[in-house]
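Values below: all heavy atoms of this structure, side chains included; hydrogens, waters and symmetry mates excluded. In this text the structure is predicted, and so the values were computed from the model without any measurement.
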There are 2 protein chains.
Amino acid sequence: MTRTIFIYGLVLAVAVFMLKMLEYKFFYRQLSVEIYIGIIGVLFTILGIWVGNKITRKKKVFIAPPVGEFKVNERILGEIGISKREYEVLELMAKGLSNQEIADKLFVSLNTVKTHTANLFLKLEVKRRTQAIQRAKELRLLQ
Amino acid sequence: MTRTIFIYGLVLAVAVFMLKMLEYKFFYRQLSVEIYIGIIGVLFTILGIWVGNKITRKKKVFIAPPVGEFKVNERILGEIGISKREYEVLELMAKGLSNQEIADKLFVSLNTVKTHTANLFLKLEVKRRTQAIQRAKELRLLQ
DNA sequence: TAATCCTTCACCCGAAAGGATGATTTGATG
DNA sequence: CATCAAATCATCCTTTCGGGTGAAGGATTA
């Protein structure tokens with residue numbers, strides 16, 4: 001990235017230099033203003049395309065289809081003793097939300113969410129949220 | 001594509017028009033040549049970036065629904081540009097391992113793992129590891 | 001040969017996550 | 001009514017994550 005900017009600057013400098021040369025010819029050989037502008041335009045357009053391709057890498061948006069039906073295993077849910085609220089947190093956690101985002105979505109404080117997650121980790125017997133999500137899917141608590 | 005070219009032409013025409021106006025000011029208000037060139041340069045650079053983005057445009061790619069057993073979608077893997085090592089990290093990440101644990105398992109430093117994860121987040125266009133795992137499963141890069 | 005990619009590692013810094021613990025309120029239930 | 005679980009929030013502290021940047025060596029390729 002820094003390199004790209006550097007190269008861009010360099011090319012720009014060279015371009016300006018070349019334009020100065022051109023300017024010289026322009027004044028002494030009666031090159032028309034239009035041609036002058038045209039050359040500058042083409043030059044910078046090419047430069048722009050190049051830079052644009054460098055910084056915004058071409059990308060494709062992949063869209064995956066949703067999969068099949070699913071039924072929550074209520075039995076295990078009760079057996080482990082996961083409360084309604086905790087389950088809500090679990091769901092949002094599995095969607096990849098941060099604790100703060102979950103807190104905002106449920107209209108509670110960050111601390112509350114942290115309490116819920118801590119309880120979930122205890123009940124699911126895991127140490128991290130990634131493991132919790134995994135475990136929950138294994139137990140068919142989540143799709 | 002034809003449309004893009006057409007729009008490009010249109011914008012070009014507008015640009016030339018604006019430049020003519022500028023030229024007018026240039027001659028009558030003694031705008032310096034450097035500023036004139038600068039404006040033209042910036043204008044056409046922006047134009048170039050825009051055109052570049054239009055040409056190499058992100059397109060939607062729909063992923064085939066899952067049939068039978070799981071098979072890693074090598075095509076997407078290559079298209080997104082995830083390297084072997086990065087994929088290994090992705091797998092371990094999905095198993096719920098921490099960066100440190102991944103580092104130990106792959107016999108590399110924690111910093112290396114963090115570099116890989118950072119690259120993965122870029123390529124998968126996500127912000128967190130939980131999202132990365134999700135996305136990877138959507139794209140059928142992981143089971 | 002030069003450019004590019006991959007892999008490796010480092011340092012800094014701020015944000016997020018997690019552990020431990022305690023406290024309050026509310027609703028259900030024996 | 002007393003009690004218990006659930007839900008809420010807090011504080012303190014440590015660990016983990018993630019962003020940004022730079023750099024070096026090896027492999028591949030134009």
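Between B/E79 and B/R75, at least one side-chain nitrogen of the basic residue sits less than 4.0 Å from a carboxylate oxygen of the acidic one, meeting the salt-bridge criterion. Salt-bridge check for A/R140 with A/E74: failed, with every basic side-chain N at 4.0 Å or more from each acidic carboxylate O.
Here C/dA16 presents its P atom at 24 Å from NZ of A/K127, a figure rounded to the nearest Å. With rounding to whole Å, B/R85 atom CZ is found 9 Å from C/dC9 atom P. Summarising the geometry, the separation between CG on B/N119 and P on C/dT8 is reported as 12 Å, rounded to the nearest angstrom. The distance between atom CG of A/L122 and atom P of C/dT21, rounded to the nearest whole Å, is 12 Å.
Base contact: A/K114 has a heavy atom under 4.0 Å from a base atom. Looking at heavy-atom distances under 4.0 Å, B/N99 makes contact with sugar-phosphate atoms alone, never a base. Among the atoms of the strands shown, none is found under 4.0 Å from any heavy atom of A/T117. B/S109 comes within contact range of the sugar-phosphate backbone alone, with a heavy-atom separation under 4.0 Å but no base atom that close.
Proximity of B/N111 to the phosphate of C/dC9: no side-chain N or O atom is located under 4.0 Å from OP1 or OP2. Of the side-chain N and O atoms in B/H116, one or more sit less than 4.0 angstrom from OP1 or OP2 of C/dT8. For D/dC9, the OP1/OP2 oxygens have a side-chain nitrogen or oxygen of A/T112 closer than 4.0 Å.
At a threshold of 4.5 Å between non-hydrogen side-chain atoms, the residues A/R129 and A/F121 count as touching.
Looking only at distances, a side-chain donor or acceptor of A/Q131 sits under 3.5 Å from a matching main-chain atom of A/K127.
Judged by closest nucleotide on DNA chain C, B/I82 is the one of B/R128 and B/I82 placed further toward the 5' end. When each of A/K123 and A/V108 is assigned the nucleotide of DNA chain D with its nearest heavy atom, A/K123 is the one assigned upstream, toward the 5' end.
Distance from the side chain of A/F121 is smallest for C/dG19 among the nucleotides D/dC17, D/dA7, C/dG19. For B/T115, whose side chain is taken as the heavy atoms from C-beta onward, the closest listed nucleotide among D/dG18, C/dA10, C/dC6 is C/dA10.
Checked by distance alone, B/S98 brings no side-chain donor or acceptor within 3.5 Å of a matching partner on the base of D/dC17.
Of all the heavy atoms in A/S83 and A/K123, the pair that sits closest is N-NZ, 4.4 Å.
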